[in-house]
4 protein chains.
Amino acid sequence: MSTNKIKHIGIFTSGGDSPGMNAALYSIAKSAKVKGIKISGFRKGYEGLIDGDFLTLKSHDLQKLVHLGGTILKTARSKRFMELEGRKKAFQTLKANKIDALIAIGGDGTFKGLLAFSEICDIPFIGIPGTIDNDLAGTDYTLGFDSAVNTAIENIDKIRDTAESHNRVFIVEVMGRDSGYIGIHSGLTVGADAILIPESGKDLIYLLEKIKNYESEDAFLVVVSEGDEIGAELVASKIKEMNPNVDLRITKLGHVQRGGNPSALDRMLGIRMGVAAVEEILKGNTNKMVGFLNNQLKLTPFNKVVKQHQIKDELNRLLELFSK
Amino acid sequence: MSTNKIKHIGIFTSGGDSPGMNAALYSIAKSAKVKGIKISGFRKGYEGLIDGDFLTLKSHDLQKLVHLGGTILKTARSKRFMELEGRKKAFQTLKANKIDALIAIGGDGTFKGLLAFSEICDIPFIGIPGTIDNDLAGTDYTLGFDSAVNTAIENIDKIRDTAESHNRVFIVEVMGRDSGYIGIHSGLTVGADAILIPESGKDLIYLLEKIKNYESEDAFLVVVSEGDEIGAELVASKIKEMNPNVDLRITKLGHVQRGGNPSALDRMLGIRMGVAAVEEILKGNTNKMVGFLNNQLKLTPFNKVVKQHQIKDELNRLLELFSK
Amino acid sequence: MSTNKIKHIGIFTSGGDSPGMNAALYSIAKSAKVKGIKISGFRKGYEGLIDGDFLTLKSHDLQKLVHLGGTILKTARSKRFMELEGRKKAFQTLKANKIDALIAIGGDGTFKGLLAFSEICDIPFIGIPGTIDNDLAGTDYTLGFDSAVNTAIENIDKIRDTAESHNRVFIVEVMGRDSGYIGIHSGLTVGADAILIPESGKDLIYLLEKIKNYESEDAFLVVVSEGDEIGAELVASKIKEMNPNVDLRITKLGHVQRGGNPSALDRMLGIRMGVAAVEEILKGNTNKMVGFLNNQLKLTPFNKVVKQHQIKDELNRLLELFSK
Amino acid sequence: MSTNKIKHIGIFTSGGDSPGMNAALYSIAKSAKVKGIKISGFRKGYEGLIDGDFLTLKSHDLQKLVHLGGTILKTARSKRFMELEGRKKAFQTLKANKIDALIAIGGDGTFKGLLAFSEICDIPFIGIPGTIDNDLAGTDYTLGFDSAVNTAIENIDKIRDTAESHNRVFIVEVMGRDSGYIGIHSGLTVGADAILIPESGKDLIYLLEKIKNYESEDAFLVVVSEGDEIGAELVASKIKEMNPNVDLRITKLGHVQRGGNPSALDRMLGIRMGVAAVEEILKGNTNKMVGFLNNQLKLTPFNKVVKQHQIKDELNRLLELFSK
């Protein structure tokens, strides 16, 4: 369709929530307002599309919410949208409300949903990568990652206080769903003695080598990412095997990493991505995710937005250096 | 002994560390300096007394550390001090270094140790209650409690963001070692839907009644204290029994509650208790803990400083009201 | 009137806002709900009463806002309510909406307004002390004070970093409107080298004595309260007179102290005061402020709620000791 | 000289301090340790070089300080080093202690000093850009900028609470020394109604246009950078001219922006720059600053590291869009 006819954009947040989503919503609404475009926000991801559950978003109202974590549109995973039946209902909603384009903030699953939807719905779709895990191809930073790392390190800094007071070994598990980005960033920036991430095999060897000679005359801080084949309990048991006398504690930071006021970087990222999303729709792009690679705007087709399981070379070198 | 001969006070931190201990050390050193008394700080609790491991504390240096969590003297539990042999060695340390009085920051176990020590060591002993659990008789506030609650609620506020974005049930476990003070304070102040503490039996019934009708159109936040007969997993399993379709997550805040920069109240408490400890020594008091009951200084003999397992009436009434 | 006929309570926030006001609103709404009482919240203090601008408050909605600073009812100073004409209009609003009692969160000016109002309006009035300045007779803590002190010290801790890196003299001005409570609490708890408050004359002498010998081999941190006869510039000029070579910086923390998520203590205080306010109305009390003195609930008639200009003895002794 | 003979590197921090400097020190010490190089840290910038005031830095000790603001080496501006006499003394210090290379963390003034020093001292010099102002050519991020912005927005978020409670106009002045980077980043990310920076002239016109129609039915938040021809008072007076009835408050955040625990990004930046600095010395580079442009390591000769007075295009476009 001709993009100069875009009068009404629908937006929604989908998948796991992450800090910065409200900033992106504000940015989209502001960009749209300046261009005379109306914005409707669907509640609970694809569920709101199917059920026609939405509200008109005003940039003036969203401006006051830019600093808040979570997403005011709520989010959900939708089983119904995985069926053609559900997608047809969503299409009816868009048609009935004369929505000309869609912007989705979410992860690879969200964008796969849009790809499937595009088979029956011929309006532009643009995606914004929102996940704390930072594991999507096509962008150096996903929305929420920097906030999650900041929350992690503020909490690990607190743990360091008690670890040093007791000369204890602490194992802190951070999030990542099999991605080591939060682990490697938070581990390096708290001065951890060992950092264990799902993508790397050597780390545990380094750790056990170090812990063998550990004399309990100091704290020993391990940061480990959650993962199918890794995690705090596994590491704890390996350490106990190697050195049974160790005074060891585990803390799993958990869902605190998903919430909280977004960091400056995530708010800025939300703003930049929101502006870009509206612009790309007006340029006629569709089925693409906006991202920033080496600080340059980069569009990635939805079918190329896969989970990345490779840590960047520079990070790997840092990991190796600081494990020594 | 005559208290006007007090020239040299030894201090140490013992048991679990808690935010505010460094503020108390500063206050003791400052009070002592003004009165011309020397202060030596023993490292790692009773271990430092036994081993003669100590340093001279200057109020000018400690002044820069008043805002830091943990304890710069480190802390430990000492098996050796539980034996007469260990206490005799500690006595030698004090004698050899002409220490006229001791101030200990710790919990009921710490003070029991001093009671045993007083059988062979005839100098004044004063205690300062330092524990995040707030479960000691003789004071309304223990050092570190307010900081722990503030850390808990800042993190639970973050969890609320993601809970509301997903309309999820969240069970957040806070610390307390069988004491419900952190649970009840943090639960009330985050607006929890249910608060479960070890001291109360009715709460779980209220909770299950509420969750039975829970429709997942909103978040549902449960704060539960750790305890032998309670805890996040137990509550989760009970909820799942009652309502198997609930989308539920657990986060155990863990040791983050023990660290971090102390709150204003805890720094002030450390300062007030430090001043009082030095004054009470100079008045000739011994084997007593300083505390504040209804904001008035209160001395409690060490043998009366037991763990309290009763929540104050006003709190119980609030708990009942806000559980409805 | 008979208090068992209380069916509908009006509430509003007035004067300067302070952290914890939303927690108090939640608590009032929850207490009222349990007792079957309806709650209406008037916007912008007395202005809302005059204009009939209000909304029904539901405890379920307020529960999600307990952690937020500011006041969702907004606040204002009302010139119109100082005229009989304005108060008559407010009375009409109450009558028209069958409001049986009023709870006001504010300061001494707010309560004076209620006293004047009581001459023409015969329903129970209860006040909750909300001000960061902590300068009201009848309570040890006003709502918002603990949060303001925590905000002040978190910021002064940051200033300490740069002060120590440069060995600079820093003068930090905190709020208080001629009351020294924020100054004395924040000054003591950051380990300030000098603390200057409006209520005390000797402090400046101590400070100048200290600064005379200051050798710039260390940071020197001064905390000063705002006040008519005191303040950062005055102190700076006195220091410069005494020691012209000093490398000195000024920071006035300003209105950041009025906002931000309330501390645990302020949320709890708001909850306790909210519950007490509803209970006291139901007991038939009127024209009184609820407060806590030495941790006990205390009612103070509105005409006795004056600004206090005397720092408590214990604080004065601490101030003197830590100024040495 | 041959770089494989580098056995001993001297480091110092100079000019204004900024959060992340300790992380960089840790990273340099760790990198050096792995390569068998000794590290000495000079106190108070060039003053320590002149006076031979230094200490040996161990990566194990620095590891515990990575999260702290300020610089443990202290910093200063040195008049003596601007004279040849001072530089000669510094050269003697380096020679006497067999220091083979120097790493300086500071700003353009610091690097100019090194350039002058290189005329008499023939060892490799590498610079790391440390300033909160983010105004140096050769890097997208200077060390400390992200932390300063995060501190600014956390405080402005608090101001928003009270601004909205009172429907007030607030003018918040942030730092920058004639550079608008902190202003534009913090203004966008708090949802300011107007952002004024030294580099732009049009902003004030937009602002006055907006404020003309301001009806006090809402808060109005202005973020303004400090600058010679701009600042909070100027803006306040212009607003008052345009609309005399406005209820307006000013807060200047001041030096809090220079301190505080560094953000995740700044810690990471310090780590990355520290590693790069050691590597570049070993490669034989000299008189260059390490930086990251578009996320790629970039060396800039000291004589090209000038203050930038141009805001990037993308930021200018955002500024224009969000000012509408």
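Note on C:G69, C:P19, C:A163: by heavy-atom pairs under 4.5 Å with chain D, the leading option is C:G69. Chain D forms more heavy-atom pairs under 4.5 Å with one residue of C:G16, C:A76, C:G45, C:G260 than with any other, namely C:G260. Of all the listed residues (D:K252, D:R43, D:E164), the one sharing the greatest number of non-hydrogen pairs under 4.5 Å with chain C is D:E164. Considering only heavy-atom pairs separated by less than 4.5 Å from chain C, the leading option among D:L73, D:T162, D:L68 is D:T162.
Put simply, the side chain of C:N155 does not reach to within 4.5 Å of the side chain of D:E154, judged on heavy atoms.
We find that D:K44 and C:E217 are joined by a salt bridge, their nearest charged nitrogen and carboxylate oxygen being less than 4.0 Å apart.
Contacts of D:L253 with chain C are made by both backbone and side-chain atoms, with heavy-atom separations under 4.5 Å. Interface residue C:T151: only side-chain heavy atoms are found under 4.5 Å from chain D. Residue C:I156: no heavy atom, backbone or side chain, is found under 4.5 Å from chain D. For C:T251, the part lying near chain D is the side chain, with the backbone staying farther off; criterion is any non-hydrogen pair under 4.5 Å.
By a heavy-atom distance cut of under 4.5 Å, not one residue of residues 21-29 of chain C is near chain D. At a heavy-atom separation below 4.5 angstrom, chain D is approached by C:H166, C:N167, C:R168, C:F170 within residues 166-176 of chain C.
Pairing each heavy atom of C:D161 with each of D:D17, the nearest pair is O-OD2, 3.9 Å. Nearest heavy atoms, D:K74 versus C:D218: NZ-OD1, 4.1 Å.
Note that NZ of C:K158 and CD of D:Q257 are 10.5 Å apart. Values are rounded to the nearest 0.5 Å. Separating the CZ atom in C:R258 from the CD1 atom in D:I159 is a distance of 12.0 Å, to the nearest 0.5 Å.
With hydrogens and angles ignored, the 3.5 Å screen pairs no side-chain donor or acceptor of D:S165 with any backbone N or O of C:T75.
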